[in-house]
Amino acid sequence: MEWKILNEQMLHGGDYNPDQWLDRPDILKKDIELMKQSHVNAASVGIFAWSALEPEEGRYEFDWLEKVIDNLYNNGIYTVLATPSGARPIWMALNHPEVLRVGPDLVRNQMGGRHNHCYTSPYYRQKVWDMDKKLSENFGKHPGVILWHISNEYGGECYCPLCQQEFRNWLKKKYGTIEELNHQWWTAFWSHTYSSFDQIEPPLLRGEHSVHGLVLDWKRFVTDRTVDFCAWEKAAIRAGGSDVPVTTNLMGFYNGLNYFKFRDVLDIASWDNYPFWHTNPQDESQVAITAAATHDLMRCIKQEPFLLMESVPGVTNWHPVCRMKKPGMHELSSLQAVAHGSNSVQYFQWRKSRGSSEKFHGAVVGHDGTANTRVFREVATVGSRLKKLPEVCKTNVKPEVAIIFDWENRWALGEVQGLLNVSKEQSKNYVPTVLEHYEAFWRMGIPVDLVDMSCDFSGYKLVIAPMLYMQREGIVEKLRSFVEKGGTLVGTYWSGLVNENDLCFQSFAPYGMQDVFGLYSEEIDALYPDQRNKMVMSASGAEYELRELCDVVHVSTAQVLGTYKEDYYAGNPALTLNFFGFGQAYYLCARADQEFYKDFYEEIADDLQLERALDNAALPHNVTASLRKSDEEEIAIVQNFNPFPTTVSLENAVTDIETGEYTTHIKLEPYGIRFLLKDNVM
């Protein structure tokens, strides 16, 4: 039943914290009235409620939660029931300080904060198991509980002795022998060779950071430890007898965890979206592109519709500048998630808390406790619109284009000393570069998947692999097969230099792909921030600006499509095309400007006849279209990220799902969005 609910209606609601208001039954009663007015049909309950559920060790108080779930259900509102492991109670930290994390300085934290617990601690694991199992036993079969929300925004790491030993065990399992580890980490450099696994420490504050294999494996271990803890929580829920699906709220491009590793644990992916709208009120496109790409990344965790678990209807209190959303932007931002595959719009939080760190974070209901606010009215409008879109839930986004974004590649790029020595978080501008390739398709209204190296590429026409510095096991074979069988691959500079342990290949780059691209790279030049080169296209003579990194390559079988204009490598290839098997492979030698990506991918899109959300419609500036479809229907979602109205003219008439209007002229209000049923599938 629960899966049916999640697949047949859009969820609308958010984090509800009745445990903060148990002494105010009048407020709890008012909440139900306001939820109905705003078309809320789901509430996430219990996320930070451990102190209310177990006020002292071993004494559980679930009566209040039962009343809340019953009351919600009796009023037509479902419960997304959370496990409270995202924030432990004070008594636990004081009585069992071993549950608190140890930092990279080897100092154990004091009580405080949110993610301040060790995922290895046997006591903490047992307490979480007991809590989750009891919640499952009590509420797992309640007809109002449709989803489990495990913990909250997993993140961070612990360096305690228990975690360090688990790390050593993890390394033993991966490498087998200390000799193999030393070889893969190349520890002979600076004479840092280990003679046993017991000598290995994680990258501590004043410890080893020059061995990049160590740093990379620690990040992998942190992901695996977190995924293991998430699986532990799910197992406790199943042990309690509940088969209701589980999710946990992810955080988009968050650098700390490889979210693709959660794929086999989660039944549904969900995430928390807090864009920085109105940094440039006259051009919202860059924020919109980042948000769109992140939705697509989160959808690709399961390759199924996801849930927008958190967003804010008003102001985000932790942004550097806390701007309010302008009229219409909340509606557009919320429904943009639906356009890219979400089957929900949910908020943090329902009612503003009166104190602590998020008392001024936007909420559906403010401190006034009424419906008489612009924010509440806009939330109600979103809820009203979602009720008209049940058929959208039965569709998914099914792109023909994939861009490889790989967390482990990102981590490895962050450790490289050379080229552009900016912060590790920036990782040689890896994420911005991925987004530049993505932007070209966003502006054409062509759907895109963001996948990692472990994903299957066989269903795509076009795969783009920007800065694939690291080659994880099997990726070379997958890419070669993709091209041989007729796919089109776009590779770039700074690709194929190291294996999955950051050990350099004894070969020219790109390793294992030289015949696919019909070239090899001899050296790469890094430009200062204010320096530029240019690419001259061989056929048209058009010129495009190049920056940051310029790869100097030598072609064998590749055709030269563009050459460098300046510097000692002037006249050398800057863009090439090689035919391999039944497919083709482009190689871009430098980071280009957006005008190049626009022209380049428009030509490829035409050549491959890539599916566009609105067929051949010309999209106005900062207007885009997404596409969700099933075997029976195709639904185009047109979005206007301009603060002024605009119109899109179509070759084929469409039907507005919400109004029933049948037209070839789509009028969009400022920050407007429309859901259109395409006739050609009927």
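The figures here come from the full heavy-atom set of this structure, side chains too, leaving out hydrogens, waters and symmetry mates. Residues: numbered from 1 along the sequence shown. Here the structure is a predicted model, which means the values were calculated and not measured.
Taking the centre of each ring, W318 and Y274 come in below the 6.0 Å mark. Checked against a 6.0 Å centroid threshold, the rings of H295 and F306 count as neighbours. Annotation: Y159 is in aromatic contact with W218 [ring centroid separation under 6.0 Å].
Under a 4.0 Å N-O distance rule, the pair D449/K398 does not qualify as a salt bridge. Remark: D593 does not engage R532 in a salt bridge, criterion side-chain N to carboxylate O under 4.0 Å. Look at E408 and R472 and you find a salt bridge, because one of the NZ, NE, NH1 or NH2 atoms lies within 4.0 Å of a carboxylate O, short of that distance. Contact check on D267 versus K234 returns a salt bridge, with a Lys/Arg side-chain nitrogen under 4.0 Å from an Asp/Glu carboxylate oxygen. Ion pairing of K428 with E548 is absent here, as no side-chain N (NZ or NE/NH1/NH2) approaches a carboxylate O to less than 4.0 Å. Between E98 and R125 no salt bridge is recorded (no basic side-chain N to carboxylate O distance below 4.0 Å). Note on E545 versus K534: no salt bridge recorded, every NZ/NE/NH1/NH2 to OD/OE distance being 4.0 Å or above. Of the charged side-chain nitrogens involved, none lies within less than 4.0 Å of a carboxylate oxygen, so that R225 and E157 do not count as a salt-bridged pair. For R443 and E439, the salt-bridge test passes: some basic side-chain N is under 4.0 Å from an acidic carboxylate O.
Under the side-chain hydrogen bond (donor to acceptor under 3.5 Å, both in side chains) criterion, R628 pairs with N343, T395, sequence neighbours left out.
A distance-only check finds no donor-acceptor pair linking the side chain of N572 to the backbone of V552 [under 3.5 Å]. In this structure, the side chain of S344 engages the main chain of L308 through a donor-acceptor pair within 3.5 Å. Between the side chain of H192 and the backbone N or O of W190 there is at least one donor-acceptor pair closer than 3.5 Å. Between the side chain of D551 and the main chain of Y493, no donor-acceptor pair closer than 3.5 Å is present. In this structure a side-chain-to-backbone donor-acceptor pair under 3.5 Å is present from K478 to C455. A donor-acceptor pair under 3.5 Å is absent between the side-chain atoms of W271 and the main chain of L297, judged by distance alone. Panel note: side chain S85, backbone V128; no donor-acceptor pair is recorded below 3.5 Å.
Between D198 atom CG and Q164 atom CD the span is 11.5 Å, to the nearest 0.5 Å. The CZ atom of F167 lies 11.0 Å from the CG atom of D224; values are rounded to the nearest 0.5 Å. Annotation: the span from L479 atom CG to E477 atom CD amounts to 9.5 Å, rounded to 0.5 Å. The line from CG of L527 to SG of C550 is 4.5 Å long, rounded to the nearest 0.5 Å. Between atom CG of residue D452 and atom CZ of residue R410 there is a gap of 13.0 Å, rounded to the nearest 0.5 Å.
For the ring-ring contact (aromatic ring centres under 6.0 Å, His included) with Y586, the qualifying choice from F580, F517, F600 is F600, the only one to do so. Checking L489, T488, I403 one by one against V463, the side chain to side chain contact (heavy atoms under 4.5 Å, CB included) holds for a single residue, L489.
For Y568, the OH atom sits in a packed shell: over 12 heavy atoms of surrounding residues, nucleotides or ligands are nearer than 6.0 Å. By the neighbour-count criterion of 12 heavy atoms within 6.0 Å, atom CH2 of W186 is sparsely surrounded, having that number or fewer from other residues, nucleotides or ligands. Counting non-hydrogen atoms of neighbouring residues, nucleotides and ligands closer than 6.0 angstrom, the CZ atom of F197 exceeds 12 such neighbours. Atom NZ of K174 has more than 12 heavy atoms from other residues, nucleotides or ligands within 6.0 Å.
Aromatic ring pairs are classed by plane angle as parallel below 30°, tilted from 30° to 60° and perpendicular above 60°; the pair Y597 and Y601 is parallel. The aromatic rings of W232 and W129 are tilted relative to each other, their planes meeting at an angle between 30° and 60°. The aromatic rings of W407 and F253 sit tilted, their planes meeting at an angle between 30° and 60°.
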* Kindly determine whether T83 and H149 satisfy side-chain contact (heavy atoms from CB on, under 4.5 Å), including the steps that lead there. => CA-CA 6 Å; T83 67; H149 181 311; over 6 Å; no
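Residues N533 and D567 bring no donor and acceptor atom of their side chains to less than 3.5 Å of each other.
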